[in-house]
Amino acid sequence: MIERTLVLLKPDAVQRGLIGEIITRFEKVGLKMVGMKMVWVDRDFSKKHYKDHVEKGFYKGLEDFIVEGPLLALAVEGIHAVELIRKMVGSTEPRKALPGTIRGDFAQHSYEYADKKGIAIKNLIHASDTAENAKRELELWFKKEEMHSYKTLSETHVF
Ligand code: GDP
Ligand code: MG
């Protein structure tokens, strides 16, 4: 039940200065940061990360988006962490993402707008969508020694 998952604060989140705000939300629910690094990925790496999307029409814009600047990669641990973080992140399309979610509170793109401009939906964040993908993505982004096991106060008061 205790899971680890991958979160990326995409280049728009870094450039908008939302790193602190977003990490604070995860810390407040008691999620544990177990790995963290700033990375500027290239196009080959993007194709590995988004391997299921490479053939899709929006992929070119998505790749341009993810390589346009540095992003912050997080390995996050918690109870049902994959599900919890996807809930906090909200729908892929910020237009549909509910207030209270990260995408709903800090972004406004729609599919219609992004597709017309030929760009990716700017939605601040990536979060693994299944436990299986979380495992694969963490292996892609983090070496074993870049993730850490330690105790937080949440394990006394929240877990
Ligand atoms: P996520 O898991 O919620 O991030 O969504 P997906 O895995 O389906 O898509 C990956 C990313 O591609 C999204 O976060 C968006 O940035 C972008 N994206 C997805 N679908 C579309 C689309 O239909 N049009 C455009 N322009 N971008 C999209
Ligand atoms: Mg996805």
* Could you give the distance from NZ (K151) to CZ (F159), rounded to the nearest 0.5 Å? ->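 Between atom NZ of K151 and atom CZ of F159 there are 9.0 Å.
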
* To do: Answer yes if M88 and I79 sit in the same cluster of Ile, Leu, Val, Met, Phe, Trp and Tyr residues linked by side chain heavy atoms under 4.5 Å apart, and no otherwise.
  =>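 No, it is not one cluster - the side chains of M88 and I79 are not joined through contacts under 4.5 Å.
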
* To do: Evaluate whether atom OH of Y113 has more than 12 neighbouring non-hydrogen atoms of other residues, nucleotides or ligands under 6.0 angstrom away.
  =>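 Counting other residues, nucleotides and ligands, OH of Y113 stays at 12 neighbours or fewer.
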
* Residues K96, E93: salt bridge by 4.0 Å N-O rule ->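 A salt bridge is present here (some side-chain N lies under 4.0 Å from a carboxylate O).
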
* To do: Apply the test side chain to side chain contact (heavy atoms under 4.5 Å, CB included) to residues F26 and I102: give CA-CA distance (whole Å), side-chain angles for both, the deciding distance (0.1 Å), then the verdict.
  => CA-CA 10 Å; F26 294 139; I102 293 163; 3.8 Å; yes

* **Donor-acceptor contact present, side-chain R4 to main-chain A81, <3.5 Å** =>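 Not at all, since once roles are kept as given, no pair shorter than 3.5 Å links the two residues.
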
* Can Y59 and E63 be counted as having a side-chain donor-acceptor contact under 3.5 angstrom? ->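 Yes, a side-chain donor-acceptor pair sits under 3.5 Å.
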
* K37, NZ: over 12 other non-hydrogen atoms inside 6.0 angstrom ->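 Enclosed.
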
* Asked: Where do A127 and I85 come nearest, in terms of heavy atoms and distance?
  ->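 So the minimum-distance heavy-atom pair works out to CB-CG2, 3.7 Å.
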
* To do: Decide yes or no for M36 and L72: does some side-chain heavy atom of the first lie under 4.5 Å from some side-chain heavy atom of the second?
  =>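 When only atoms from C-beta onward are counted, L72 and M36 do touch, with a gap below 4.5 Å.
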
* Any side-chain donor near an acceptor of the partner, T24 and E21, under 3.5 Å ->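 On atom types as modelled, these side chains do not qualify, holding no pair under 3.5 Å.
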
* **Separation between CG of L138 and CG of L74, rounded to the nearest 0.5 Å** =>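 It is 10.5 Å, given to the nearest 0.5 Å.
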
* Asked: Tell me, do Y111 and T92 make a side-chain contact under 4.5 Å, heavy atoms counted?
  ->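 Yes, at least one pair of side-chain atoms sits under 4.5 Å.
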
* With the 4.5 Å side-chain cut-off for hydrophobic clustering, are L153 and V29 part of the same group? ->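 Cluster IDs for L153 and V29 differ.
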
* Verify, without hydrogens or angle tests, whether E77 (side chain) and V34 (backbone) share a donor-acceptor contact under 3.5 angstrom. =>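 Between the backbone of V34 and the side chain of E77 there is no qualifying donor-acceptor contact (under 3.5 Å).
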
* Asked: Are the side chain of N123 and the backbone N or O of R103 linked by a donor-acceptor pair below 3.5 Å?
  ->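 No, the answer is negative, given that no donor and acceptor are paired below the 3.5 Å cut-off.
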
* To do: Any chance you could measure R16, atom CZ, to I19, atom CD1, to the nearest 0.5 Å?
  =>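 Taking CZ in R16 and CD1 in I19, the distance rounds to 12.5 Å.
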
* Carefully, step by step, assess H126 and V7 under the rule side chain to side chain contact (heavy atoms under 4.5 Å, CB included). => CA-CA 5 Å; H126 165 84; V7 173; over 6 Å; no

* Please tell me if the side chains of L8 and I125 come closer than 4.5 Å, counting only heavy atoms from C-beta onward. =>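 No, side chains not in contact.
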
* Are L71 and L140 grouped together when hydrophobic residues (ILVMFWY) are joined by side-chain heavy atoms under 4.5 angstrom apart? ->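 Yes: a chain of side-chain contacts under 4.5 Å links L71 to L140.
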
* Asked: If you look at every heavy atom in P94 and K122, which pair is closest and at what distance?
  ->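 Smallest heavy-atom distance, with atoms named: CG-O, 3.8 Å.
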
* **Joint cluster assignment, M38 & W40, ILVMFWY side-chain distance < 4.5 Å** =>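 They do not share one cluster, since no chain of ILVMFWY contacts under 4.5 Å joins M38 to W40.
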
* **Heavy-atom pair of closest approach, residues A120 and F65** =>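 Looking at all heavy atoms of both residues, the closest pair is CB-CD2, 3.7 Å.
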
* Asked: Does S128 use its side chain to pair, donor to acceptor, with the backbone of L6 at less than 3.5 Å?
  ->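 Between the backbone of L6 and the side chain of S128 there is a qualifying donor-acceptor contact (under 3.5 Å).
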
* **Residue K48 excluded, over 12 heavy atoms near NZ under 6.0 Å** =>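 Count not over threshold, so no.
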
* Side chain of E83, backbone of H80: donor and acceptor closer than 3.5 Å? ->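 Here the side-chain-to-backbone pair does not exist.
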
* With hydrophobic residues grouped by side-chain heavy-atom distances under 4.5 Å, do V158 and L31 end up in a single group? ->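 No, because V158 and L31 fall into different hydrophobic clusters, even though each may have its own neighbours under 4.5 Å.
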
* CD1/I121 to NZ/K10 distance, rounded to the nearest 0.5 angstrom? ->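 The CD1 atom of I121 sits 9.0 Å away from the NZ atom of K10.
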
* Asked: Mind checking what makes side-chain hydrogen bond (donor to acceptor under 3.5 Å, both in side chains) contact with R25, not counting sequence neighbours?
  ->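 side-chain hydrogen bond (donor to acceptor under 3.5 Å, both in side chains) check on R25 returns D105.
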
* For Q108, does the CD atom have more than 12 heavy-atom neighbours from other residues, nucleotides or ligands under 6.0 Å away? ->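 Result for CD/Q108: open.
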
* Asked: Does some side-chain heavy atom of M33 sit less than 4.5 Å from a side-chain heavy atom of H148?
  ->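 Side-chain contact under 4.5 Å: no.
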
* Should D64 and R43 count as an ion pair when the cut-off is N to O under 4.0 Å? ->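 Salt bridge flag = yes for R43 with D64.
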
* To do: Taking all heavy atoms of G30 and all of S154, pick out the closest pair and write down the distance.
  =>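 Distance-wise, the nearest heavy atoms are CA-OG, 3.3 Å.
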
* Asked: Can a salt bridge be assigned to the pair E27 and K32 using a cut-off of 4.0 Å between side-chain N and carboxylate O?
  ->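 Salt bridge absent between E27 and K32.
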
* For the pair V82 and L84, evaluate side chain to side chain contact (heavy atoms under 4.5 Å, CB included) and give the outcome as yes or no after the intermediate values. => CA-CA 6 Å; V82 172; L84 172 59; over 6 Å; no

* **Inter-residue atom distance R86.CZ - T101.OG1, 0.5 Å rounding** =>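 It is 11.5 Å, given to the nearest 0.5 Å.
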
* So does K143 have more than 12 non-hydrogen atoms from other groups sitting under 6.0 Å from NZ? ->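 No.
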
* Asked: Roughly how far apart are Y50 OH and I66 CD1, rounded to 0.5 Å?
  ->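 Spacing of OH (Y50) from CD1 (I66) equals 4.0 Å.
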
* Nearest atoms (heavy-atom pairs only) where V14 meets L9 ->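 Smallest interatomic distance, heavy atoms only, reads CG2-O, 3.7 Å.
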
* Answer yes or no: is there a donor N or O on one side and an acceptor on the other, between the side chain of W141 and the main chain of A73, under 3.5 Å? =>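 Looks like no, no N/O pair under 3.5 Å.
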
* Are R136 and E132 within salt-bridge range, i.e. N to O under 4.0 Å? ->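 E132 and R136: not salt-bridged.
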
* Do E112 and K116 come within less than 4.5 Å of each other through their side chains, counting heavy atoms only? ->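 Heavy-atom side-chain distance check fails, nothing below 4.5 Å.
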
